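Given the structure is predicted, the values throughout are model-derived calculations rather than measurements. Every chain is numbered from 1 and lettered A, B, ... according to where its sequence line falls, protein lines coming before strand lines.
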Amino acid sequence: MNHSVPARKVRVATCSLAGCFGCHMSFLDMDEAIVPLIETIEFDRSPLTDIKTVSQCDIGLVEGGLCNEENREVLHQFRQHCTYLVAVGACAINGGVPAMRNHFSLQECLEESYLNGIGVVDAQIPSDPELPALLPKVTPLQTEVKIDFFLPGCPPPAAAFLELIQAVLENREPQLNYTIRRFD
Amino acid sequence: MFQLDGNPIAFSKGDSILQAAHKAGYYIPHLCFHPDFKAHGSCRLCVVDVKGKTVSACTQPAEDKLEVYSDTAELRQSRLRLIQLLFAEGNHYCPSCEVSGNCQLQALAYDLGMTHYHYDPFSPLRQQDGSHSQLFIDQDRCIQCDLCGRASQEQDLKSVYLLAGRGQDTHLAFRSHNGQLGSTNASMDDRAAHICPVGCILPKAGNYPDIAGERLYDKIPIHTQGNHRRDEGGQDEP
């Protein structure tokens, strides 16, 4: 196969905030299509590289919504360093399943999980200062920073990731056709 | 005859623009309209341009020689924003919804190219109702189309379901002494129990019957197959 190699590789950072890493799994679920990507993209901060800080990137893929202060901090770092910031998956776009806690107060959620839940032993609400403070509500990324592109889906299909990368390589907006524009 | 996006459309006396267009095989996006019930005109998705005005096609009577425009860039954008408002106004979590793939709200969002809400989510707190033995009410997904209310009143002759409240307090209510569905004479056999275009009125048993990829709107967009439910196909010709 003959692939056009860009002058410079597209640098991609990824992270999962209030997500389940399902979007990352879907990104990797592209079978042999992942092989030619080696020639066109390289990874910056990502669970795939274990690099802990984000540097200047072309694409930032952010999975999950915002549920704690660390999520907000990471999101702002990504916004600062990424030319195109992409909200990846249902949770990044509308809060998703974690946002179903918005029906309850944070205190009610903590009490249900750590004090009154079934099978709880040595009941206490975690208060270690190392733990990021939880936000009162889970919110989507667009409520905090400007988002350039959205990949809907739970998770978005691998083809949607491929189209996004191809679009950035070709300097155009991604076009998600009907079969890869899913909300579930 | 009138013109819809330049196509001649025949109509019978009393037809709305939407009814005439659908009979002629042209789909105009809609959620609150159903051919079996009186038009409601509330979802506004069927907006069309007539004589320089934007009107709802389900309530606007067809007239001879009218020039009607539906498939314009401006109206497609208006409809996208309307769908995004509906998503932002409720709590619509498609991944955990029983009717995902068979949902008309979701199908229209797919068809109109929606990828995100555009608006910040309103995240309303709404009361759920599991009091009925066979039906569950998930108010988070209600789009207040009143199709259940019209079906209950016009066909079931029960008036079980209704919209109550005003403005942002508008909500689906049930006519009973304690306001619960379980205290009404609502039945699974009612038409109203099989009319909801979204996942608000649900049977308690037998959900998730289709695997992903084989649901109503997984492959065929709503503009080619029309507004349907799994249990109520063929009612609404596109």
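Your options are A:K137, A:R182, A:M100, and the one with the most heavy-atom pairs under 4.5 Å with chain B is A:R182. In terms of heavy-atom pairs under 4.5 angstrom with chain A, the leader among B:P124, B:P95, B:A109 is B:P95.
The environment of CG in A:N171 is sparse: at most 12 heavy-atom neighbours from other residues, nucleotides or ligands sit within 6.0 Å. Atom CZ of A:F104 is surrounded by 12 or fewer heavy atoms from other residues, nucleotides or ligands within 6.0 Å. The local environment of CZ in A:F43 is crowded, with over 12 non-hydrogen atoms from other residues, nucleotides or ligands closer than 6.0 Å. Applying the 6.0 Å contact sphere to OH of B:Y119 captures more than 12 heavy atoms from other residues, nucleotides or ligands. In B:M188, the CE atom is crowded: over 12 heavy atoms of neighbouring residues, nucleotides or ligands sit closer than 6.0 Å. Around atom CD of B:E74, no more than 12 heavy atoms belonging to other residues, nucleotides or ligands sit under 6.0 Å away. B:Q127 CD: 12 or fewer foreign heavy atoms inside a 6.0 Å radius. No more than 12 heavy-atom neighbours from other residues, nucleotides or ligands sit within 6.0 angstrom of CZ on B:R166.
Salt bridge status for A:D184 with B:R215: present, with a side-chain N to carboxylate O gap under 4.0 Å.
Both the backbone and the side chain of A:F183 have a heavy atom closer than 4.5 Å to some heavy atom of chain B. Of the two parts of B:D140, only the side chain, counted from C-beta on, holds a non-hydrogen atom closer than 4.5 Å to a non-hydrogen atom of chain A. For B:P221, the parts lying under 4.5 angstrom from a heavy atom of chain A are both the backbone and the side chain. Of the two parts of A:A99, the backbone and the side chain both hold a non-hydrogen atom closer than 4.5 Å to a non-hydrogen atom of chain B. Contacts between B:Y217 and chain A at a heavy-atom distance below 4.5 Å involve backbone atoms as well as side-chain atoms. Contacts between B:N91 and chain A at a heavy-atom distance below 4.5 Å involve the side chain alone, from C-beta outward. Both the backbone and the side chain of B:S100 come within contact range of chain A, with heavy atoms under 4.5 Å apart.
Contact annotation for residues 144-157 of chain A against chain B (heavy-atom separation below 4.5 Å, listed by residue number): A:F150, A:P152, A:C154.
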Verdict with reasoning, B:K219 to A:T179, per side chain to side chain contact (heavy atoms under 4.5 Å, CB included): CA-CA 7 Å; B:K219 293 180 190 131; A:T179 54; 5.8 Å; no

Verdict with reasoning, B:S123 to A:H103, per side chain to side chain contact (heavy atoms under 4.5 Å, CB included): CA-CA 8 Å; B:S123 303; A:H103 281 296; over 6 Å; no

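Taking both residues in full, the closest heavy atoms of B:M114 and A:R181 are given as O-CD, 3.6 Å, listed atom of the first, atom of the second, then distance. Nearest heavy-atom pair across A:T143 and B:D120 is CG2-OD1, 3.4 Å.
A donor-acceptor contact under 3.5 angstrom links the side chains of B:Y117 and A:N94, judged on distance only.
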